[in-house]
Structure formats: structure tokens, C-alpha cells
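Here is the structure we will look at, set down as C-alpha cells.
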There are 2 protein chains.
Amino acid sequence: MISTPTATPTPDVYSTIGDPTRRALLLRLAEEGEKNVSELVEPFSISQPAISKHLRILRDAGLVSCHKRGRLRLYSIEADGLRQVYDWVSHFERYWDEKLDALGDHLDRKAKD
Amino acid sequence: MISTPTATPTPDVYSTIGDPTRRALLLRLAEEGEKNVSELVEPFSISQPAISKHLRILRDAGLVSCHKRGRLRLYSIEADGLRQVYDWVSHFERYWDEKLDALGDHLDRKAKD
DNA sequence: TTGACATATAACCGATTGGATATGTAATCT
DNA sequence: AGATTACATATCCAATCGGTTATATGTCAA
């Protein structure tokens, strides 16, 4: 009984979503709800073990969870961990969605929250 | 006419921000404005060439720009490319800013779109 | 012009990554 | 029980990564 049960080694969310396959998996789980591994593999041209490895990484990052039903493993999105990405990238928001003229003051104030 | 500004080979923004050093560089440029390389190196315990390499990657990803002044290269944030990350991660927004109790139905319905 | 400074690039290296194939394990079906 | 299905894990491999030191290039200052 060595195995660390859930004890997340916090495997960086940013690098986890750095991979396009993993992003696609996350998006699909978010849009279509829980899916088993075979269903998740299907749209890709890569092997099942490769997808299982991605799912493992996603699980370790806390971005998905899974439970068994019969011989299926049903994976679901666990999006809380993505919030930190949202928060980080929000720091740059003012650079793209506003003309920063007299607005600068307002933004500086918000930045202090 | 669209004209790719610097002929970006689009070296994936997601993997670019996967590195913590690069995220720190971006954040600092955003918060403190343009900086030369020496200034950017200073807070880190890694070598100047290592930072220059990161800056190269950031430039290739279109996330920073630089211009010369004397013997200095002044780097500035170019945050537009981060918007796609913001947009992507926004897909998961509903998972963290809503209590999904009786809301589940509503969400399931939306998922079918 | 010579030397110091600012920065980029080159060459190299060990660690990690993302894939493949092969095998293990548990649940279901006949 | 035996075969099949669904998935995870093990092992291996080439490519990429992030760092290093060494070197090249261009600019300023004396």
C-alpha cells in the first residue's frame, strides 16, 4: 500500500494545459459531460495508452476526476484548477479590451484588489 | 490585407506560458513596462543566455516585442496573443463561478448546443 | 583604438515529454 | 472457466526543453 492516494504533487496546471490533446480533452469533457476512455480516444489518431497517460496527467493536476462504473472509467471535468490560469491571464486584460487613455487610473485602482 | 506582422511561425502560446520563468517575465513587463535584458535577468538566479533564450521564445510567440536603444534591447509586453488563452479558459468559467445545484439541468441543456 | 558592457547565438548536456508497443488487471459475457 | 472488453501501467525511444559555458557582435566610453 505504498501509493499516495490523492496527495496531489501539484503538477503545474500551466504545463498541463500546454498540450493540445489535453486541452481538447478538457474542452470536450466540459462541453459534453462525463465520458469513458474509449469515447475520449475515439476522435484522436493516437493510441489509447497515450490518452490514458494524458488523463493521468490531467488527474494529477486535479483538472479531471474519474469514477468506475462497471468496467468503464467515467471522467469528468474538474475546472477549479483552471481558475488560476484565468486569474493570471486576467492581469493582461487591459492590454487588449480597452483603450487605455484616461482609463489608466481606474485600472490601477482595480489592480490593487 | 492581413499581413502577418513579424511573420509569426505561431509557436504555441500555451506551451510558451507553460514555463514559470516566462510567465514571470511577462507579468513583470506588464506591470512595470519596458525593460532591458539585464534588468530582466536580475531577479533570477539563472544565466543571461538562459533569459535571452526565454525572450526569444516569447518573441517568437508574439508575446513580447523589442527595439534597440543604444546597446540596450528594450522589451515590452505584447499581450494580444494571451487573449486566446483567456478565451479558451473562459469556456470553463461556469464551473467555478456558479453553484450548480438545480442549475445542473440548465447546464446540461446548454451542453447540448 | 582599445576595452568594457549588453546581448545574442552556438554547442553541449541531462531531464522531461509524448508517442509507440507490450503486458497486466479487473469486469462482463458466454 | 475461458474469452472479450476496457483500461492502466511498463518499457522504450526520439525529440524537445531548460539550463550551462563559450563565443560572437555591436555599442559606448576613455
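Every chain is numbered from 1 and lettered A, B, ... according to where its sequence line falls, protein lines coming before strand lines. Please read these numbers as outputs of a predicted model, since none were measured by experiment. The figures that follow rest on heavy atoms only: side chains count, while hydrogens, waters and symmetry mates do not.
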Would you compute the distance between atom [atom1] of [X] and atom [atom2] of [Y] and round it to the nearest 0.5 angstrom?
| X | Y | atom1 | atom2 | answer |
| --- | --- | --- | --- | --- |
| A:I57 | A:D12 | CD1 | CG | 12.0 Å |
| B:R83 | A:F92 | CZ | CZ | 14.5 Å |
| B:L27 | B:E32 | CG | CD | 9.0 Å |
| B:H54 | B:D19 | NE2 | CG | 4.5 Å |
| B:L82 | B:R23 | CG | CZ | 11.5 Å |
| B:E78 | B:S65 | CD | OG | 4.0 Å |

| request: Could you tell me whether a side-chain N or O of A:Y95 sits under 3.5 Å from a main-chain N or O of B:A30, the two making a donor and an acceptor? | output: yes
| task | Say whether, by atom type as modelled, one donor and one acceptor occur between the side chain of B:R22 and the main chain of B:T16 under 3.5 angstrom. | result |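 Answer holds: yes.
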| query | Taking side chain as C-beta onward, heavy atoms only, is B:R59 less than 4.5 Å from B:L55? | reply |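 No, too far: nothing below the 4.5 Å cut-off.
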| The single option from A:I17, A:V89, A:V85 passing side chain to side chain contact (heavy atoms under 4.5 Å, CB included) against B:W88 |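 Option passing the side chain to side chain contact (heavy atoms under 4.5 Å, CB included) with B:W88: A:I17.
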| said: Could you tell me the boundaries of the chain B footprint on DNA chain C, defined by atoms under 4.0 Å from its heavy atoms? | reply: C:dA4 to C:dT9
| field | 5'-most by nearest nucleotide on DNA chain C - B:L74 or A:G70 | value |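 Residue closer to the 5' terminus by nearest nucleotide: B:L74.
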| Where each residue is assigned the nucleotide of DNA chain C containing its nearest heavy atom, which of B:S38 and A:P49 is assigned the position nearer the 5′ end? |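 Mapping each residue to its closest nucleotide by heavy atoms, the 5'-most match is B:S38.
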Under 3.5 Å, which donor-acceptor pairs do the side chains of residues 36-53 of chain B form with other protein atoms, sequence neighbours left out?
| from | atom 1 | to | atom 2 | distance (Å) |
| --- | --- | --- | --- | --- |
| B:N36 | OD1 | B:S38 | N | 3.1 |
| B:N36 | OD1 | B:E39 | N | 2.9 |
| B:N36 | ND2 | B:E39 | OE1 | 3.4 |
| B:E39 | OE1 | B:N36 | N | 3.0 |
| B:S47 | OG | B:A50 | N | 3.3 |
| B:Q48 | NE2 | B:S52 | OG | 3.0 |

| query | Which parts of residues 39-48 of chain B get close to DNA chain D, meaning a heavy atom less than 4.0 angstrom away? | reply | B:I46, B:S47
| field | Cluster check B:L74, B:L63: I/L/V/M/F/W/Y, side chain < 4.5 angstrom | value | no
| query | Is there a path of hydrophobic side-chain contacts, each under 4.5 Å between heavy atoms of I, L, V, M, F, W or Y residues, that connects A:L72 with A:L58? | reply | no
| request: With a 4.0 angstrom cut-off to heavy atoms of chain A, pull out the first and last contacting nucleotide of DNA chain D, in 5'-to-3' order. | output: D:dT4 to D:dT9
| message | So A:A50, base contact, sugar-phosphate only, or nothing? Heavy-atom distance under 4.0 Å. | response | sugar-phosphate
| said: At 4.0 Å (heavy atoms only), tell me whether B:K68 reaches a base, stays on the sugar-phosphate, or touches nothing. | reply: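 Sugar-phosphate only.
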| Which residues in residues 14-29 of chain B have at least one heavy atom lying under 4.0 Å from any atom of DNA chain C? | none
| said: Could you work out how much the helix from C:dT1-D:dA30 to C:dT30-D:dA1 bends, comparing the axis of its first five pairs with that of its last five, to 10°? | reply: 10°
| What is the minimum heavy-atom distance between A:Y14 and A:Q84, and which atoms define it? | OH-O, 3.3 Å
| task | Test B:E34 against B:H67 for side-chain hydrogen bond (donor to acceptor under 3.5 Å, both in side chains), laying out the working first. | result | CA-CA 10 Å; B:E34 69 178 10; B:H67 63 102; 3.1 Å; yes
